[in-house]
2 protein chains.
Amino acid sequence: MTTLRDLSRHLGLSVTQVSRALNNHADVSADTRERVHRVARELGYQPNVSARRLVTGRSGMLGLVLPGIPAEAENAMFVQIVGTLSQHLARMGRPFVLHIADPAEDVLDAYRRLTASGAIDGFVLLDPEIRDRRVAFLRTADVPFVIHGRIEEPHDYPFYDIDNRGVAERLTGLLTAAGHRRIAFLNGPKRRTYAVSRLHGYRAALARAGVAEEAGLHRFGPMTEGEGLLAGVALWGEGGPRPTAVVCGNSRLAAGLLRAFDALGLRVPRDVSVVVHDDELPGVRPQAFDPPLTATWSPLALGWPHLAQILAAAVDGAALPALQVQGEVGLVERASVRSVS
Amino acid sequence: MTTLRDLSRHLGLSVTQVSRALNNHADVSADTRERVHRVARELGYQPNVSARRLVTGRSGMLGLVLPGIPAEAENAMFVQIVGTLSQHLARMGRPFVLHIADPAEDVLDAYRRLTASGAIDGFVLLDPEIRDRRVAFLRTADVPFVIHGRIEEPHDYPFYDIDNRGVAERLTGLLTAAGHRRIAFLNGPKRRTYAVSRLHGYRAALARAGVAEEAGLHRFGPMTEGEGLLAGVALWGEGGPRPTAVVCGNSRLAAGLLRAFDALGLRVPRDVSVVVHDDELPGVRPQAFDPPLTATWSPLALGWPHLAQILAAAVDGAALPALQVQGEVGLVERASVRSVS
DNA sequence: CCTATCGTCCAAAACGTTTCGGATCAACGA
DNA sequence: TCGTTGATCCGAAACGTTTTGGACGATAGG
């Protein structure tokens with residue numbers, strides 16, 4: 001292994017100056033800098049991360065901690081996340097540590113160990129919750145992180161997110177504009193912040209249209225095909241409130257819902273109008289449904305590179321506004337909404 | 001962050017002695033050792049990995065390098081591998097680095113960087129090839145590794161593998177014992193070592209039964225459903241050699257093959273006898289085929305924990321025979337072989 | 001001519017750990 | 001009584017890097 005001292009001997013310079021040259025500090029002549037870089041390349045010099053970390057307090061490693069091996073249904077998403085993060089971080093020369101915790105232990109212990117030992121100096125946080133314990137811990141430990149999504153205000157932390165409130169407001173607004181007044185909303189899990197934001201958006205759209213919110217039409221729940229099916233039967237089956245339109249939180253819910261409609265003999269959009277938010281989940285596309293569904297549209301896949309870039313910038317000490325990215329949301333109108341004037 | 005010096009002050013001991021106590025060295029009294037451990041726990045001491053690595057030359061981190069984001073069909077397997085490795089290594093207190101290389105660059109560069117910078121001190125190697133460049137590099141760089149599978153002899157390196165030669169010999173032997181003499185073999189990719197071992201096993205079984213190998217009945221190829229289908233049409237379609245039995249390298253190949261048989265109007269085992277090696281790939285189970293297939297049987301999933309354990313032992317300097325594990329292979333006879341006496 | 005300033009350089013300290021080479025002391029056998 | 005041995009301890013060096021606090025000339029300004 002070539003060290004700084006090796007380089008300094010080769011060049012007839014002090015170790016100090018070689019270090020400063022390699023790190024592009026100001027007080028080294030252009031000529032020297034060039035020579036140092038060249039010789040470093042020739043000798044295949046790689047700075048020793050441990051030594052660097054020891055003095056700077058940073059290892060350059062970034063990490064993702066998951067509470068356990070993902071469930072079968074999440075496989076494709078897991079590969080997308082982990083693959084994209086690792087690949088992007090690799091391009092920036094930053095090793096990516098994937099820590100899959102023992103389901104039996106508290107994830108916080110994993111964060112504690114990884115940060116205290118100095119192994120990792122920044123984390124990507126997925127699936128943030130309302131009062132997220134990980135965020136609380138990393139904040140007190142003063143360890144950089146980036147959240148996929150947001151937590152409660154104030155938003156004084158790095159994140160990548162979309163405008164979830166706006167998404168729900170837009171989708172609901174499409175339905176009120178078409179004259180619907182009894183609109184169901186199949187939302188995500190109650191603990192998840194985006195679901196709460198979307199609820200606000202749903203309510204805002206209803207209020208704007210002068211529609212009173214009807215109890216039972218908004219449902220928190222897991223965003224799975226099974227849940228969509230159950231919700232469909234509960235809302236449109238025997239004794240259900242039978243709303244005339246519905247907003248689906250994602251396309252898995254929509255898929256389940258359409259199967260319920262099929263069983264109940266309901267047709268879209270004749271009997272029920274359906275709109276959906278499309279994350280471009282692998283394997284379920286709203287345009288492939290029958291009928292194709294009107295949808296807001298923002299691929300989750302677009303977020304991962306941002307997370308990598310933001311986190312890298314965060315550990316390098318970048319300031320806040322640059323570390324907050326809000327993804328674009330598109331809208332595609334298809335044939336799943338009927339006007340009821 | 002609590003350091004060794006903090007502990008030493010608290011305990012009235014030298015840093016040296018604290019270090020030796022924590023690492024359970026011989027020359028520290030049982031009493032002292034106990035006190036040190038207790039105080040360390042109380043103060044939440046975590047050894048600084050960078051400092052440790054700097055002096056020992058080891059970081060404790062183990063890694064897996066992949067050439068790119070896996071293809072859709074490999075998702076489930078990827079999750080299984082990465083999840084199991086990370087989880088098992090986490091239990092041993094060893095951070096797991098997943099490096100997904102840029103497909104544009106040479107993977108060897110990734111290994112070079114990760115080892116030279118001292119970030120990682122051991123690798124899991126998947127999908128070994130005949131003259132594997134990664135193995136060559138890691139050997140010269142004197143970096144520990146463990147191979148899932150084996151390369152050419154001599155087998156003087158850590159590995160987890162099954163007896164691939166034996167698998168092919170056993171499966172082929174079942175067919176010769178049932179009186180078959182024209183036996184096809186849908187094998188894996190030519191560059192892969194296990195495929196070569198299996199070819200040897202196939203030939204050994206034929207020789208033992210006094211059967212001459214017929215050209216064109218053995219096929220190297222990717223182990224996909226598509227390849228099974230193509231092979232089926234090529235071997236049993238118009239102008240094909242129409243063997244009376246076939247050995248499938250895995251259940252994906254078998255699935256494709258059975259679809260070809262279906263299209264060609266062939267029935268198993270009436271027209272063709274089929275045996276398969278079952279890795280327990282997620283999603284394709286030979287017992288669920290029609291008819292259920294006779295199979296040798298060795299879940300790939302059993303290998304990942306071994307790889308984690310072997311690699312951890314290898315970087316700790318364990319000696320060879322203990323680092324070579326051969327997985328068990330079972331055999332389940334089902335209704336897919338017909339005797340042709 | 002003297003002092004400031006600037007550009008370029010360097011020696012030494014520091015980071016937290018492990019390890020080498022002893023030091024100390026009590027117990028023991030000769 | 002005197003080495004010997006063994007158990008337990010410690011100081012100091014080392015690992016490779018960054019950073020601090022200056023040194024040294026050369027140039028410019030007064």
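A, B, ... follow the sequence lines: proteins, then strands. Residue 1 opens every chain. These numbers were taken from a predicted model, which means no experiment stands behind them.
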Without decimals, in angstroms, what is the distance between [X] [atom1] and [N] [atom2]?
| X | N | atom1 | atom2 | result |
| --- | --- | --- | --- | --- |
| A:Q46 | D:dT17 | CD | P | 11 Å |
| B:D27 | D:dC10 | CG | P | 11 Å |
| A:L11 | C:dC9 | CG | P | 11 Å |
| A:R35 | C:dC9 | CZ | P | 8 Å |
| A:R33 | C:dC9 | CZ | P | 10 Å |
| B:N24 | D:dT8 | CG | C1' | 16 Å |
| B:R52 | C:dT19 | CZ | C1' | 14 Å |
| A:L4 | C:dA14 | CG | P | 20 Å |

Name the nucleic acid region contacted by [X], choosing base, sugar-phosphate or nothing; use a 4.0 angstrom heavy-atom cut-off, strictly under.
| X | answer |
| --- | --- |
| B:S50 | nothing |
| A:T56 | sugar-phosphate |
| A:R20 | base |

Check [Y] with [X], please: is the shortest side-chain N to carboxylate O separation under 4.0 Å?
| X | Y | answer |
| --- | --- | --- |
| B:D106 | B:R133 | yes |
| B:R94 | B:D316 | yes |
| A:D156 | A:R139 | yes |
| B:D127 | B:R191 | no |
| B:R113 | B:E105 | yes |

On DNA chain D, compare the nucleotides closest to B:V55 and B:G12; which residue's is nearer the 5' end?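 Nearest-nucleotide comparison on DNA chain D picks B:G12.
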Hey, is the side chain of [X] poking within less than 4.0 Å of OP1 or OP2 on [N], counting only N and O atoms?
| X | N | answer |
| --- | --- | --- |
| B:T32 | D:dC9 | yes |
| B:S19 | C:dT18 | yes |
| A:Q17 | C:dC9 | yes |
| A:S29 | C:dC9 | yes |

According to the interplanar angle, ranging from 0 to 90°, do the rings of B:Y157 and B:F145 count as parallel (below 30°), tilted (30 to 60°) or perpendicular (above 60°)? parallel
Which of the following nucleotides, [options], is nearest to the side chain of [X]?
| X | options | result |
| --- | --- | --- |
| A:N48 | C:dT18, C:dC15, D:dT17 | D:dT17 |
| B:V28 | D:dC9, D:dT17, D:dC15 | D:dC9 |
| A:L13 | D:dT17, C:dC10, C:dG16 | C:dC10 |
| B:Y45 | C:dA11, D:dT17, C:dT17 | C:dT17 |

Using only heavy-atom distances, decide whether a donor-acceptor pair under 3.5 angstrom links the side-chain of B:T16 to the base of D:dG11. yes
